[in-house]
Amino acid sequence: MSSSRRLVLSRSATLIAAASTGLLLPEIVRAQGAKVRIGLMLPYTGTFAQLGVAIENGLRLAIDEQGGKLGGREIEWFKVDDESDPSKGVENATKLVQRDKVDVIIGTVHSGVQMGIHKVARDTGVLTLIPNAGVHAATRALCAPNVFRTSFTNSQPTLALGKVLVDKGLKKAVWITWKYAAGDEAFEGFKESYTKAGGTIVKELGLPFPNVEFQALLTEIAAIKPDVVVCFFAGGGAAKFIKDYAAAGLKGKIPLYGSGFLTEGVLDAAGPAADGIVTTMHYSDSLDTARNKKFRLDYAKTYKSQPDVYAVQGYDTGLLLIQGANAVKGDLNAKPALYKAMEGAVIDSPRGKWTMSKAHNPVQDIYLRVVENKENKVIGVAAKALSDSGAGCKMG
Ligand code: PHB
C-alpha cells in the first residue's frame with residue numbers, strides 16, 4: 001500500500017473514531033492549524049531573473065511584517081524556477097498543485113508562462129495571484145474567480161503614454177519591442193492612445209524574446225529619423241537596449257520613451273545612458289508619501305538593495321493575500337468569503353491606494369516619470385484611477 005493511501009486510511013479512521021466520540025471539532029481545528037502551502041513560480045534565471053527575486057523579496061517583506069504568518073497560520077514555501085519558458089508553464093504549475101499540494105500559486109513574470117499557469121488555475125481552481133505578467137486574457141475573456149492580478153495589464157501603462165507624446169509635439173513614432181504577448185499588448189495600448197491623440201506610427205520593429213541583438217534595428221531607426229522611439233523591454237534586455245541606444249549615437253538625438261518597465265531595476269546597470277528617458281508606470285521611486293518612503297527604507301534595510309516596481313508588486317501580492325486570509329481566519333478553503341474579501345480589498349500600496357476591478361485587475365494611477373541620477377522621478381500623473389477594459393470577462 002502506498003504511504004499516501006495509508007495516510008488517508010488512517011486519517012479517516014481517526015475521523016470516524018473522533019466523530020463517534022464527539023471529538024470531530026478538534027480534528028478539524030488541527031487540520032486548520034496545518035501550514036499554508038505557498039507555491040512560488042517565478043523566473044530565477046535568464047533575462048527576468050532579477051524581477052523574480054524582487055517579487056519574492058517584496059512578498060516576504062509584507063508577510064514578515066505579519067510575523068511571517070498568514071491568517072495566523074505558519075507558511076511552508078515551495079519554489080519553481082519557471083525560466084521565463086512558456087513551453088514549461090503547464091508542467092511547472094502542475095507540479096506545484098499535484099506534487100506539492102499548494103494552497104496558492106504566486107506567479108509569474110512572463111505573459112506566455114502565465115498562460116500555462118492560467119490553464120492549471122482554471123482547470124484545478126487553485127487560488128492564483130499574478131504578481132507581474134500583464135497578459136490581457138487572464139483578466140479579460142479568460143478571467144476566473146480564483147485568479148487575482150496585483151500588477152497591471154500589458155496595455156495599462158502605454159494607454160497613458162500616447163497623449164503625452166503628442167502634447168510634446170512628438171508626432172511620428174517608431175515602436176520597438178520583443179515580439180510576444182507583453183510587447184504586442186503594450187503596443188495595442190500605445191497605438192490606441194497615440195493615434196487617437198493624432199500621432200502616427202511610422203514603423204513597428206521587433207525581435208524574438210529574449211534576443212538582445214539590437215544593432216540592425218537601431219541602424220534602421222537612425223535612417224528613419226522619427227520624432228520619438230517608444231518601446232517595451234524589461235529586465236536584463238532593457239538595460240542592454242538603453243546602453244546600445246546610447247552607443248549607437250541615438251541618445252540626445254531621438255528621445256526614447258517607453259512602458260516604464262524599461263527603466264525598472266536596471267538603472268545601476270544602465271548608468272548615465274538612462275538619464276532623460278521618459279516612461280509611464282503605476283509606480284515611481286520618488287513618490288513623496290510616507291507609505292512609499294517607509295517601504296523603501298524597510299526594503300533597503302532588509303535586502304541591501306533598492307526596490308523597484310516588481311518589489312512593490314510582490315509586496316502588494318502579500319498585502320492582498322494577507323487581507324484575504326485574515327478575513328477567513330486562515331481557512332483558505334472558505335472560497336466564497338476569501339474571494340469576496342480579496343475583491344473588496346483596498347490595497348494601501350507604496351504606489352498609492354488601489355482597488356480591484358470586477359475582472360480582478362488593479363484600478364490604479366499611472367505616473368509620468370523621467371530618469372534622473374539613477375532614479376525614476378515622478379513628473380506627473382498621466383492617468384488617474386485607470387482601469388483595464390476587462391473586455392469579455394463575465395464576472396461581477
Ligand atoms: C510580461 O511578459 O507580461 C511582462 C514581463 C516583464 C515586464 C512586464 C510584463 O516587465
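We're numbering straight along the sequence, starting at 1. Both ligands and their constituent atoms are indexed starting at 1 by order of listing.
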Q364 atom CD, over 12 foreign heavy atoms within 6.0 Å: yes
Residue shell around ligand 1, heavy atom under 4.0 angstrom: F48, V109, H110, S111, N132, A133, G134, F152, N154, Y180, A182, F232, A234, F261, Y310
Nonpolar side-chain network containing I366, other nodes, edges under 4.5 Å: L159, L386
Residue list, disulfide bond (SG atoms under 2.5 Å apart) with C143, at least two apart or on another chain: C393
Main-chain N/O of V363 paired to S387 side chain as donor or acceptor, under 3.5 Å: no
Partner set under side chain to side chain donor-acceptor pair (under 3.5 Å) for D64, not counting sequence neighbours: none
Check: F233 ring centre within less than 6.0 Å of F214 ring centre: yes
